[in-house]
Colleague: 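Sharing a structure here in structure tokens format.
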Amino acid sequence: MKKTGRPTDYKPEYDERAFNLALLGLNDVQMSAAFETSEKTFNEWKKQHPSFLQSLTRGKEDADAKVARSMYERALGVTIVEEAVTKDGEVVKLRKQLPSDTAAAKHWLANRQRGRWSNNGENTITTTEPLVIIRTEPSKPAE
């Protein structure tokens, strides 16, 4: 059976571009605009070209999962293995213990448990006493 209709504008090199745009956090509407195509066509590309859909997935969920794992490990502290060359030219593996990173821990918790950890600038003061606000005018500079 012969296909009818307009040939696709999809090109295999779009896979890498889709991956990069997904890493930037673009959604499908924004990506379809970047590819100068409709959202409907963009969604068709995902159905018809498995490598394209895989690139999007790698740039979205897979990338987010890797960063989340890295953030989690830094929040708790992690052991890394590095290679170094001795004076004799021998390659040795060094294990380094990186301490926990409080900034990573705060960021992790602020995103996972916003109600408890986010710092959105709101402060709540509870009191049983009446609140009195005194407004004063700024003093005039001495002449």
Side-chain angles (χ1 to χ4, degrees), residues 1-139 141:
M1 186 191 275
K2 190 175 180 182
K3 285 190 175 183
T4 61
R6 185 173 164 228
T8 182
D9 289 333
Y10 171 82
K11 297 177 182 131
E13 55 266 23
Y14 286 176
D15 293 358
E16 184 67 21
R17 186 168 180 213
F19 172 74
N20 290 330
L21 293 173
L23 284 177
L24 289 173
L26 273 65
N27 62 34
D28 288 359
V29 172
Q30 293 166 323
M31 278 193 247
S32 63
F35 283 104
E36 297 180 353
T37 191
S38 69
E39 187 179 1
K40 181 180 177 186
T41 298
F42 186 82
N43 288 327
E44 284 300 315
W45 291 351
K46 290 191 288 186
K47 291 176 190 171
Q48 295 172 0
H49 306 282
S51 62
F52 186 72
L53 179 59
Q54 184 181 25
S55 293
L56 290 169
T57 301
R58 281 187 316 115
K60 291 180 181 181
E61 289 95 8
D62 295 354
D64 289 351
K66 287 177 183 176
V67 171
R69 181 179 183 95
S70 179
M71 176 75 76
Y72 170 76
E73 289 173 352
R74 281 302 290 131
L76 298 179
V78 65
T79 301
I80 61 170
V81 177
E82 294 181 333
E83 290 186 347
V85 180
T86 66
K87 289 189 282 186
D88 303 329
E90 181 184 359
V91 177
V92 295
K93 291 188 178 188
L94 302 174
R95 290 173 47 99
K96 286 186 179 179
Q97 178 66 36
L98 300 178
S100 61
D101 181 335
T102 54
K106 171 80 169 87
H107 186 75
W108 177 270
L109 290 169
N111 284 293
R112 300 276 297 208
Q113 298 182 20
R114 280 189 171 84
R116 293 186 178 141
W117 292 94
S118 89
N119 184 10
N120 58 11
E122 293 180 14
N123 293 315
T124 304
I125 300 171
T126 306
T127 180
T128 56
E129 300 296 319
L131 181 62
V132 177
I133 299 174
I134 302 172
R135 183 175 178 177
T136 60
E137 295 295 322
S139 59

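Below, each value reflects all heavy atoms present in this structure, side chains not excepted, and no hydrogens, waters or symmetry copies.
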Colleague: Can you name the closest pair of heavy atoms from Ala75 and Ser100 and give their distance?
Modeller: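 Smallest interatomic distance, heavy atoms only, reads O-CB, 3.1 Å.
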Colleague: Any donor and acceptor pair, going by atom type alone, linking the side chain of Arg74 with main-chain N or O of Pro99 inside 3.5 Å?
Modeller: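 Answer holds: yes.
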Colleague: If you round to the nearest 0.5 Å, how far is CG of Leu21 from NZ of Lys60?
Modeller: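 Answer for the NZ-CG pair, Lys60 versus Leu21, is 10.0 Å.
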Colleague: Under 30°, 30 to 60°, or over 60°: which ring-plane class applies to Trp45 and Phe52, parallel, tilted or perpendicular?
Modeller: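 It falls in the perpendicular class, over 60°.
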Colleague: Taking the side chain as everything from C-beta on, heavy atoms only, tell me whether Gln48 gets closer than 4.5 Å to Tyr10.
Modeller: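 The answer is no; the side chains never approach within 4.5 Å.
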Colleague: Do the side chain of Asp88 and the main chain of Glu90 share a donor and acceptor less than 3.5 angstrom apart?
Modeller: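 Not at all, since once roles are kept as given, no pair shorter than 3.5 Å links the two residues.
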Colleague: What's the spacing between Gln97 CD and Ile80 CD1 if we round to 0.5 Å?
Modeller: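 Between Gln97 CD and Ile80 CD1, I get 9.5 Å after rounding to 0.5 Å.
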Colleague: Would you please test Thr41 and Phe35 for side chain to side chain contact (heavy atoms under 4.5 Å, CB included) and show each step?
Modeller: CA-CA 10 Å; Thr41 298; Phe35 283 104; over 6 Å; no
Colleague: Donor-acceptor check, side chain of Ser70 to backbone of Lys66, threshold 3.5 angstrom: yes or no?
Modeller: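 Checking the backbone N and O of Lys66 against the side chain of Ser70, no donor-acceptor pair under 3.5 Å is found.
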Colleague: Salt bridge between Asp15 and Arg58, side-chain N to carboxylate O under 4.0 Å?
Modeller: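 Salt bridge absent between Asp15 and Arg58.
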Colleague: Determine yes or no for a side-chain-to-main-chain donor-acceptor pair under 3.5 angstrom, with Gln30 supplying the side chain and Asn27 the backbone.
Modeller: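 Checking the backbone N and O of Asn27 against the side chain of Gln30, a donor-acceptor pair under 3.5 Å is found.
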Colleague: Identify whether the distance between the nearest side-chain nitrogen and carboxylate oxygen of Glu73 and Arg69 falls below 4.0 Å.
Modeller: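 Result for this pair is yes, salt bridge flagged.
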Colleague: Is it true that Lys46 and Asn43 share a donor-acceptor pair across their side chains at a distance under 3.5 Å?
Modeller: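 Looking only at side-chain atoms, Lys46 and Asn43 do form a donor-acceptor pair, the distance falling under 3.5 Å.
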Colleague: For the residue pair Met31 and Ala18, what are the closest heavy atoms and their distance?
Modeller: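 Met31 and Ala18 have their closest heavy atoms at SD-O, 4.1 Å.
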Colleague: Kindly indicate whether the side chain of Phe42, heavy atoms from C-beta on, has any atom under 4.5 Å from the side chain of Leu56.
Modeller: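 Counting from C-beta outward, Phe42 and Leu56 do come under 4.5 Å.
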Colleague: Give, for atom CZ of Phe19 and atom CG of Leu24, the distance between the pair rounded to the nearest 0.5 Å.
Modeller: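 One finds 10.5 Å between CZ of Phe19 and CG of Leu24.
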Colleague: Quick one: closest heavy-atom pair of Arg17 and Ala34, and the distance?
Modeller: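 What the structure gives for the nearest pair is NH2-O, 2.9 Å.
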Colleague: How long is the straight-line distance from CG of Asn20 back to CG of Leu26, given to the nearest 0.5 Å?
Modeller: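 Result: 11.0 Å between the selected atoms.
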